[in-house]
There are 2 protein chains.
Amino acid sequence: MYQQMKTDSSDLMVLRTSSLTGVLERELEHLILTGELKPGERLNEIQISTRFGTSRGPLREATRSLQAKGLVDIIRNRGVFVRSVSAKEALEIYDVRAAVFGLAGRLLADLVTDQILTRLNAFLDQMDEIAAGKDFDQYYPVNLAFHDYLVTSTGNETLVKEYKSFVNKLHLARARGLVQAGGLSVSNREHREMVDALASGNRERAQEAFFRHVERSKIRFRSTLEALDPPVES
Amino acid sequence: MYQQMKTDSSDLMVLRTSSLTGVLERELEHLILTGELKPGERLNEIQISTRFGTSRGPLREATRSLQAKGLVDIIRNRGVFVRSVSAKEALEIYDVRAAVFGLAGRLLADLVTDQILTRLNAFLDQMDEIAAGKDFDQYYPVNLAFHDYLVTSTGNETLVKEYKSFVNKLHLARARGLVQAGGLSVSNREHREMVDALASGNRERAQEAFFRHVERSKIRFRSTLEALDPPVES
DNA sequence: CCGATGTTTATTGCCTACAATTGAATATCG
DNA sequence: CGATATTCAATTGTAGGCAATAAACATCGG
């Protein structure tokens, strides 16, 4: 399948600017985030490297990078494993993500323009429309784009990077797809609250609205989790 | 100096549990954060690997990890360079750090105990004492321990990790030591405000107090920066 | 004297090979 | 038959070597 990658001209072009390690890293990250490689699954070095037509060296460098990003665990003399995020950790991440997203709201309240507000309202209308049709597969990507647009508009690249990193890690939560669950029309009202807060130009109000939106997602996540699992404690 | 590291028994013990890559990574991270390796400086693979008595393989894996952590930049066919954080990025980091630290305040307000408050007040008294003597070298580590104790007490390991990562990156800001500057007695009043907010048990108040503490550090940082540099804009 | 082009040299990117470790299958003993 | 010791295959950890790249230097023409 990937055997002759080395001789593929388009890939060679990529190698001009990006190293083999970088290519492997992106490719593996994609496999992990799409769920093709599932949490807990082991990554056999020989198998993967031959699959991509490289040696083990670059692959090992790529996995070290993924480890630092929190996408895999490396156990000495045992191998590389796709990270599985526990419920406890997922809840932790939700909180930190809420804080970072709240900051996005706070920053945006100060620099929001009519142009941005128009764009945001367009998003809201689009999501309302989709939600009415209960077409979940369409709703999710738009919802994602909406949040993406918000954090990106802050102009704070550090914030964007961190936020996306959290979203990625949540994809590794055991209950895959739970992250998306409970969304739709329920959360679009929260979205409107956020945009309204931005329009008011009130920093604290916007921060709180953004923060609480993620906190509510966390609560929905936990509910879905407890519905499937024995609630550990009273 | 480090030539016979391989034969040092204590280091071999470490290798039982931790890989050579891991040791190199920690060692390099230490060199970078202490400033022994300065921002912009290039890390010669042969030089470093012979210095530590290893081959280039594990070293390259270690640097990939450091790249993902944001401590070095790797340019293809050019080498790895200690990351230098621009003023713009430093200000960005301050904001995100403020958000995360604010979350720490919010979480702590809900689970603070008399025991923790006692410990915190002891920190405050100690810092007051040191600040009175204007002994900066003593103040800084205590200040660090205070903040460390705060974030750790939240029990949210994700938060702790992120917070420390931000503090580390700020060490790479061009104006080294600026991060520490402007502290002392000025900020200890803010520290008391934070602890008071915790004692009140008011979530939002604590969050805001924690958040603003870091924001004020950011402002002090920017002031010191502009005093040295041409203020870029009006 | 200065800029453009060719050459050298240091350094990185990648690969192959060997050593060390682990986990499991197998054998041995109570 | 069950538990423990032992061997063995699979896999990772590390080392060293060759090719490719880019920067530094020298050379040539204007």
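Chain A is the first sequence line, chain B the second, and so forth, proteins listed ahead of strands; every chain is numbered from 1.
In this structure, of C:dC15, D:dT12, C:dG13, it is C:dC15 that holds the atom nearest to the side chain of A:Thr54. Distances were taken from every side-chain heavy atom of B:Glu45 (C-beta onward) to each of D:dA15, C:dC15, C:dT12; the shortest belongs to C:dT12. Here C:dG13 is the nucleotide among C:dG13, C:dT11, D:dT12 with the atom lying nearest to any side-chain atom of B:Arg60. Relative to the side chain of B:Asn44, the nucleotides D:dA15, C:dT11, C:dC14 differ in distance, and C:dT11 lies closest.
Residue contacts for B:Gly57: at a heavy-atom cut-off of 4.0 Å it reaches no nucleic acid atom on any strand shown. The residue B:Leu24 sits apart from the nucleic acid: no heavy atom pair falls under 4.0 Å. Counting any heavy atom pair closer than 4.0 Å across all strands shown, B:Ile74 reaches no nucleic acid atom.
Phosphate contact (OP1/OP2 of C:dT12, side-chain N/O of B:Arg56, threshold under 4.0 Å): absent. Residue A:Ser49 places none of its side-chain N or O atoms closer than 4.0 Å to OP1 or OP2 of C:dC15. Using a 4.0 Å cut-off, no side-chain N or O of B:Ser55 falls inside it from OP1 or OP2 of D:dT14. At the phosphate of D:dT12, neither OP1 nor OP2 sits under 4.0 Å from any side-chain N or O atom of A:Arg76.
Among residues two or more places apart in sequence or in another chain, the ring-ring contact (aromatic ring centres under 6.0 Å, His included) test is passed with A:Phe123 by A:Phe146, A:Tyr149. Judged as a ring-ring contact (aromatic ring centres under 6.0 Å, His included), and not counting sequence neighbours, B:Phe81 has no contacts.
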